[in-house]
Amino acid sequence: MLDDATTAQQPLSRLPWEPGVSKPDPILVVDGMRKAFGGLVAVDVDHLEVERGMITALIGPNGAGKTTFFNLLTGFDAPDRGSVLFDGESIDKPSPHTLAQNGMVRTFQLTKALTKLPVIENMKLGARSQKGEHFFYALLSSVWGDQEAQIEARADELLTRFQMGHMRGEYAGTLSGGQRKLLEMARSLMAEPRLVMLDEPMAGVNPALTQSLLAHVKSLRDEGITVMFVEHDMDVVRDISDWVVVMAEGRIIAEGPPGSIGQNKAVIDAYLGVHHDSALDIEEEEERLAEMHEIEADE
C-alpha cells in the first residue's frame with residue numbers, strides 16, 4: 001500500500017527534473033520576477049509553478065534569496081518587474097491583507113504573535129471579513145455578535161487541534177519559541193487559506209515540538225491546502241515535501257522530488273562550491289592564502 005506522501009507525489013512523478021518545469025495543476029505561477037537592492041540582484045526567477053495540494057520546499061544556501069522571494073510573493077516587498085498568478089488571477093502589486101483575504105497566508109521566520117494579547121485573541125485576529133472591523137458596525141453588537149461567537153469557536157477548535165487549548169488565556173509573550181510557531185500556524189488557518197507559505201517553520205524549535213509541527217504541515221496537505229515552505233534542515237525537507245525547488249544567487253537552479261536533489265550537480269556546487277571535488281595545486285593554494293591575508297589586513 002502507498003503511503004500518503006507517495007500518493008501525493010504521483011501527479012508530479014512523470015515531470016522532468018528541471019528549473020521552471022510546468023506542473024499539471026499549478027496554484028501559483030511566477031514569471032520574470034526580479035528584485036535588486038542597489039547593484040545586488042537578490043531575486044531573478046524566470047519561471048516557477050507551484051502545484052496545487054502539494055508540499056513544496058524552497059531550499060538553498062544562505063543568501064540565496066529565499067526569504068526575499070517569499071516577501072515578493074506575499075506582498076511584503078515589491079518586485080522591480082515580474083508577474084504572479086494565484087489560482088489563475090493576477091496578484092501584481094498585492095498587499096498582504098488582500099492576499100490573506102483571497103486565500104494566501106504566510107508565517108515568518110521570526111514569529112509575529114502579539115505578545116501582550118492572550119492566545120485566543122491572537123487567534124481571532126486571523127479570521128477574514130469580520131463585521132466588527134467596520135467602525136459603524138462595531139457600535140452595534142447585534143450585527144457582529146453571532147459572527148464573533150463563531151470565530152471564537154473556530155479558534156478554540158484549532159487550538160485544541162494544535163494541542164494549545166489549555167493556553168487560550170495565556171499571554172502570547174509567555175509562550176516558548178516553538179509554541180509561538182504553533183500559534184502562528186494555527187492562526188493562519190483562521191483565514192481558511194488555499195495556500196500557506198511557511199518561512200523556516202522549524203527554526204529554533206525543540207525536537208519534541210518539531211515532530212508536532214511536521215505532523216500539522218502534513219495534515220494541511222491532507223485537507224487539500226497547498227503548502228510552500230523555506231527550510232534548511234534536509235531531514236525535514238525529505239520527510240514532508242513532495243517537490244523541492246532550489247535557489248542560489250537569486251535564481252532557481254533545480255527542481256525535483258526530494259530524492260533527486262542530493263544527486264544534482266548544480267545543487268552540490270551551490271552548497272559546496274564548484275571546486276569542492278578538485279584538489280588545489282600549490283600555486284592556486286598560495287593565491288587563495290594571499291587573498292585571505294589581504295582581506296584580514298583590510299579588516
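Bear in mind the structure is a predicted one, so any value in this text is a computation, not a measurement.
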Rounded to the nearest 0.5 Å, how far apart are [atom1] of [X] and [atom2] of [Y]?
| X | Y | atom1 | atom2 | result |
| --- | --- | --- | --- | --- |
| Leu85 | Ile91 | CG | CD1 | 8.0 Å |
| Met164 | Leu175 | CE | CG | 5.0 Å |
| Thr226 | Met104 | OG1 | CE | 10.0 Å |
| Ser241 | Met234 | OG | CE | 7.5 Å |
| Met197 | Ser188 | CE | OG | 12.0 Å |
| Gln211 | Leu214 | CD | CG | 5.5 Å |

Answer whether the closest heavy-atom distance between the side chains of [X] and [Y] falls below 4.5 Å.
| X | Y | answer |
| --- | --- | --- |
| Phe162 | Ser212 | no |
| Asn62 | His232 | yes |
| Met190 | Val105 | no |
| Val50 | Val245 | no |
| Ile240 | Val227 | no |
| Asp239 | Pro258 | no |
| Trp243 | Met54 | no |
| Ile225 | Leu189 | yes |

Option passing salt bridge (charged side-chain N to carboxylate O under 4.0 Å, His left out) with Glu223 (candidates Arg161, Arg194, Lys218): Arg161
Donor-acceptor check, side chain of [X] to backbone of [Y], threshold 3.5 angstrom: yes or no?
| X | Y | result |
| --- | --- | --- |
| Glu231 | Glu200 | no |
| Arg106 | Asp199 | no |
| Glu49 | Lys23 | yes |
| Asp242 | Ile55 | yes |
| Lys35 | Met33 | no |
| Arg168 | Pro118 | no |

Check whether [X] and [Y] end up in the same hydrophobic cluster, where Ile, Leu, Val, Met, Phe, Trp and Tyr are linked by side-chain heavy atoms less than 4.5 Å apart.
| X | Y | value |
| --- | --- | --- |
| Val29 | Met247 | no |
| Leu12 | Ile252 | yes |
| Phe70 | Val41 | no |
| Val244 | Ile253 | yes |
| Ile120 | Leu158 | yes |

Step by step, work out the side chain to side chain contact (heavy atoms under 4.5 Å, CB included) result for Phe86 and Ile27. CA-CA 6 Å; Phe86 174 53; Ile27 191 172; 3.8 Å; yes
Should the heavy atoms of other residues, nucleotides or ligands under 6.0 Å from [atom1] of [X] be counted, would the total exceed 12?
| X | atom1 | value |
| --- | --- | --- |
| Phe76 | CZ | yes |
| Glu249 | CD | no |
| Glu18 | CD | yes |

Looking at every heavy atom in both [X] and [Y], which two are closest together, and how far apart are they?
| X | Y | value |
| --- | --- | --- |
| Val236 | Phe229 | CG1-CE1, 4.3 Å |
| Gly65 | Val43 | O-CG2, 3.7 Å |
| Asp80 | Ala36 | OD2-N, 2.7 Å |
| Leu58 | Lys66 | O-CD, 3.8 Å |
| Ala64 | Ala248 | CB-CA, 4.0 Å |
| Pro19 | Ala254 | CG-N, 3.8 Å |

Apply the test side chain to side chain contact (heavy atoms under 4.5 Å, CB included) to residues Val217 and Met202: give CA-CA distance (whole Å), side-chain angles for both, the deciding distance (0.1 Å), then the verdict. CA-CA 11 Å; Val217 174; Met202 312 303 164; 4.3 Å; yes
Please determine if Lys181 and Glu184 form a salt bridge, counting it only when a charged side-chain N lies under 4.0 Å from a carboxylate O.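 No salt bridge links Lys181 with Glu184.
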Let me see the working for Leu182 and Gln163 under side chain to side chain contact (heavy atoms under 4.5 Å, CB included), right down to the final yes or no. CA-CA 9 Å; Leu182 285 170; Gln163 299 180 334; over 6 Å; no
Please evaluate residues Asp87 and Arg52 with respect to the criterion salt bridge (charged side-chain N to carboxylate O under 4.0 Å, His left out), reporting the C-alpha separation (whole Å), side-chain torsions for both, the decisive distance (0.1 Å), and the verdict. CA-CA 9 Å; Asp87 216 2; Arg52 186 188 310 274; 2.8 Å; yes
Check the pair Ile261 / Arg238 against side chain to side chain contact (heavy atoms under 4.5 Å, CB included), numbers first and verdict last. CA-CA 10 Å; Ile261 297 303; Arg238 283 189 289 267; over 6 Å; no
Which is it for Asp77 and Thr68 under the side chain to side chain donor-acceptor pair (under 3.5 Å) test, yes or no, and what are the steps along the way? CA-CA 8 Å; Asp77 205 348; Thr68 300; over 6 Å; no
Given salt bridge (charged side-chain N to carboxylate O under 4.0 Å, His left out), test Glu192 with Arg154 step by step and report yes or no. CA-CA 11 Å; Glu192 300 179 18; Arg154 167 72 171 158; 5.0 Å; no
